[in-house]
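Note that this is a predicted model, so its numbers are computed, not measured. Note that ligands are numbered from 1 as they come in the structure, with each ligand's atoms numbered from 1 the same way.
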Amino acid sequence: MYPAYIHTQTTARNIDHAAIKTYQIPSLILMEHAALKSAEIIEQITNTNQSICILCGPGNNGADGLAIARLLQPKYPNLYVVVPEIKKMSEDEKIQFQMVQNLKIPFCKNLPNVTYDIYIDCLFGNGLSRDITGFYKTMIQNVNTSQSTIISIDMPSGIDSTMGNVLGCAIHADYTISLDCYKQGQWLNEGKNHCGKLYLVDIGIPQILHQKCMDKIKILNEEDIHLPNRPLNAHKSTFGKALMIGGSQNMHGAIHMASLSAYKSGIGTLTLMVPECISNVLAIKSDFYMLLQCADRNGIFSSKAIDLLKQNINNYSIISIGNGMQKNNITIALVEQALKSDKKIVLDADALWAAQKNIELLKRSETTILTPHIKEMSDLTGIHVSTILSNPFEVARDFSKEYPSCVLILKSSQTYIAHQGSVYVLDAQNAGLAKGGSGDILCGIVVAMLGQCKDSLQAALCATYIHSQSAKLDIDSASFMPEDIINNIPNTLKRLRS
Ligand SMILES: NC(=O)C1=CN([C@@H]2O[C@H](COP(=O)(O)OP(=O)(O)OC[C@H]3O[C@@H](n4cnc5c(N)ncnc54)[C@H](OP(=O)(O)O)[C@@H]3O)[C@@H](O)[C@H]2O)[C@@H](O)CC1
Ligand SMILES: Nc1ncnc2c1ncn2[C@@H]1O[C@H](COP(=O)(O)OP(=O)(O)O)[C@@H](O)[C@H]1O
Ligand SMILES: [K+]
């Protein structure tokens, strides 16, 4: 699978330049790859009897358009090119334009009065630098109001490729063919809604240029997942001894689901530290876990929990806190104690709110995996929800740099896994997961992976991927039950290992 990276405008541009300067790949060769791959996709999504109008701007995005015109012309009899600024062309565009003229492909300066079935948008790509005004704006508005299919090359023109904001006006594409890498603006803010279906094509830029990037963002795929080995001669301690702390009178299901997921995902031993008031119901539900019961007060842990954890913590290698707990002083004290220990820690739900009270403790040297959804991330960091939503990549990356021993799993319909400045994106939207309990299942899988993987980032990547793959169920998304997902974990593991 072609490795998919997401870059800002500057990084994408620097990579293009390095391919040309350092690796001496002529830009016309890259452009030819771009045009060939784009033409291939255009042929797949259109019919050759449809009329095509290719809009070519003043830079290399326009040059791509001219190269695409040259490649499509033999198959599409009704093909037309619009070049508004013949006097202002990049060097490569001049060469492409000469070839288009040699082939006698019809062109003109203005958008023709007739409506075309297909518009190929090559006005502006990664080089858009200011608001679009004047005749380009009119052209974009006219194309947007047509009922035609719009295919954008590299970026929907008018979308800023770093932040996804509309600069003046922007093409509303049905399809966008991104060249070499995704641009961050395709994933953020208004950009998300302007791309239509996104394609990514390899244009022959050396992969090393992506791998060498600082602060890279990569789409998580199966090749990034290295499931931990399970040696035949292992014993239970080989796979981690976990203590899961959580539960309250009104929420015993959360820790139960987390524990089932942890066990199905391979944890060695599992103990649940829960308030006494729910221990009976848990004991009836399952018998694979051990219970560390704690006196309760009003349905939650009493202050005795703090001493109980102190006395027992050294029996475990991994501690998770949060499932089914509440925001209170005991939760704060338990999180503080766990973070001061030398154990691997997983923080979920209200434990994330509690961690904020002693945030400097996250600078500990042992691994901490945090699994906030967007609101919990806001509780943890004090960053407003709208700021997180406008650039989750940056928020996740900044956090991971500030707390280098932490691995952040920032959950939403897309999930961002960040560690020491690198960000992975799990792009697997699934309405079946938009239900209470999905996060508890993930937390359990994280605990199990932390018990088995040597590397904490790998544990987080494996867990997130296993969670989303196990939620690929052949039933209506409205009917997903937590146990359906949990019962599918074994199939996922079997498939990933084979
Ligand atoms: N060899 C390579 O690098 C490869 C590049 N490739 C392709 O090149 C694209 C990047 O090309 P690019 O850098 O030329 O930028 P592009 O998007 O065409 O725009 C720049 C032009 O637009 C103008 N302009 C900007 N904003 C404007 C505005 N609001 N209103 C009006 N004008 C505005 C700007 O003018 P200026 O600011 O200089 O006055 C300049 O003329 C990339 O997306 C991909 O498609 C691929 O073929 C692979 C190989
Ligand atoms: N639409 C969606 N597409 C993909 N994943 C989703 C979607 N909605 C929720 N999820 C995933 O489900 C989990 C929900 O976690 P969380 O919000 O903590 O739920 P809860 O606390 O109720 O268990 C996260 O892993 C999140 O990424
Ligand atoms: K474009």
Q. Going by heavy atoms, is Ile153 under 4.0 Å from ligand 1?
A.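 No, Ile153 has no heavy atom closer than 4.0 Å to ligand 1.
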
Q: Kindly indicate, with the supporting measurements, whether the criterion side-chain contact (heavy atoms from CB on, under 4.5 Å) is fulfilled by Val83 and Met89.
A: CA-CA 10 Å; Val83 202; Met89 282 188 172; 3.3 Å; yes

Q) Which of the listed options, Ser161, Ala63, Pro58, holds the heavy atom that is closest to atom 23 (C) of ligand 1? A)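 Looking at heavy atoms only, the winner is Pro58.
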
Please check whether [X] reaches ligand 1 - meaning an N/O of the residue sits under 3.5 Å from an N/O of the ligand, judged on distance alone.
X	value
Lys88	yes
Asn126	yes
Leu123	no
Asp92	no
Tyr136	no
Phe124	no

Q. To the nearest 0.1 Å, how far is atom 45 (O) of ligand 1 from its closest protein heavy atom, and which atom is that?
A.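 Result for atom 45 (O) of ligand 1: Asp64 OD2, 2.5 Å.
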
(Q) Distance check below 3.4 Å: does Phe124 bring an N, O or S atom to the K ion (ligand 3)? (A)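 Given the 3.4 Å cut-off, Phe124 counts as a ligand of the K ion (ligand 3).
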
Q: Please determine if the K ion (ligand 3) has an N/O/S atom from Asn61 lying under 3.4 Å away.
A: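 Checking Asn61: at least one N, O or S atom is under 3.4 Å.
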
Q. Looking only at atom types and distance, does a side-chain atom of Lys37 sit under 3.5 Å from a main-chain N or O of Asp202, one as donor and one as acceptor?
A.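 Answer holds: yes.
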
Q. Under the side-chain hydrogen bond (donor to acceptor under 3.5 Å, both in side chains) test, which residues partner Glu394, sequence neighbours left out?
A.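 Only Asn391 meet the side-chain hydrogen bond (donor to acceptor under 3.5 Å, both in side chains) criterion with Glu394.
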
Give a yes-or-no answer on whether the side chains of [X] and [Y] include a donor-acceptor pair shorter than 3.5 Å.
X	Y	result
Tyr76	Gln50	no
Tyr289	His256	yes
Thr149	Asp174	no
Thr11	Asn14	no

(Q) Angle at the K ion (ligand 3), O of Ile153 to O of Asp121, rounded to 10 degrees, please. (A)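 Centred on the K ion (ligand 3), the O/O angle is 90° (to 10°).
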
Q. With the K ion (ligand 3) at the center, what angle do OG from Ser157 and O from Met155 span, rounded to 10 degrees?
A.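 Value, to the nearest 10 degrees: 100°.
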
Q.
So if I count the atoms of ligand 1 from 1 in the order they appear, which ones are less than 4.0 Å from some heavy atom of Leu179?
A.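 Under 4.0 Å from Leu179, ligand 1 has these atoms: 44 (C), 45 (O), 46 (C).
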
Put together the list of close N/O pairs, under 3.5 Å, between ligand 2 and the protein, could you?
residue	atom	partner	partner atom	Å
ligand 2	1 (N)	Asn430	O	3.4
ligand 2	3 (N)	Asn430	N	2.7
ligand 2	3 (N)	Asn430	O	3.2
ligand 2	15 (O)	Gly439	N	3.3
ligand 2	18 (O)	Lys411	NZ	2.7
ligand 2	19 (O)	Gly439	N	3.4
ligand 2	22 (O)	Gly437	N	3.2
ligand 2	23 (O)	Gly437	N	3.1
ligand 2	23 (O)	Ser438	N	3.3
ligand 2	23 (O)	Gly439	N	2.6
ligand 2	23 (O)	Asp440	N	3.3
ligand 2	27 (O)	Ser412	O	2.8
ligand 2	27 (O)	Thr415	OG1	3.1

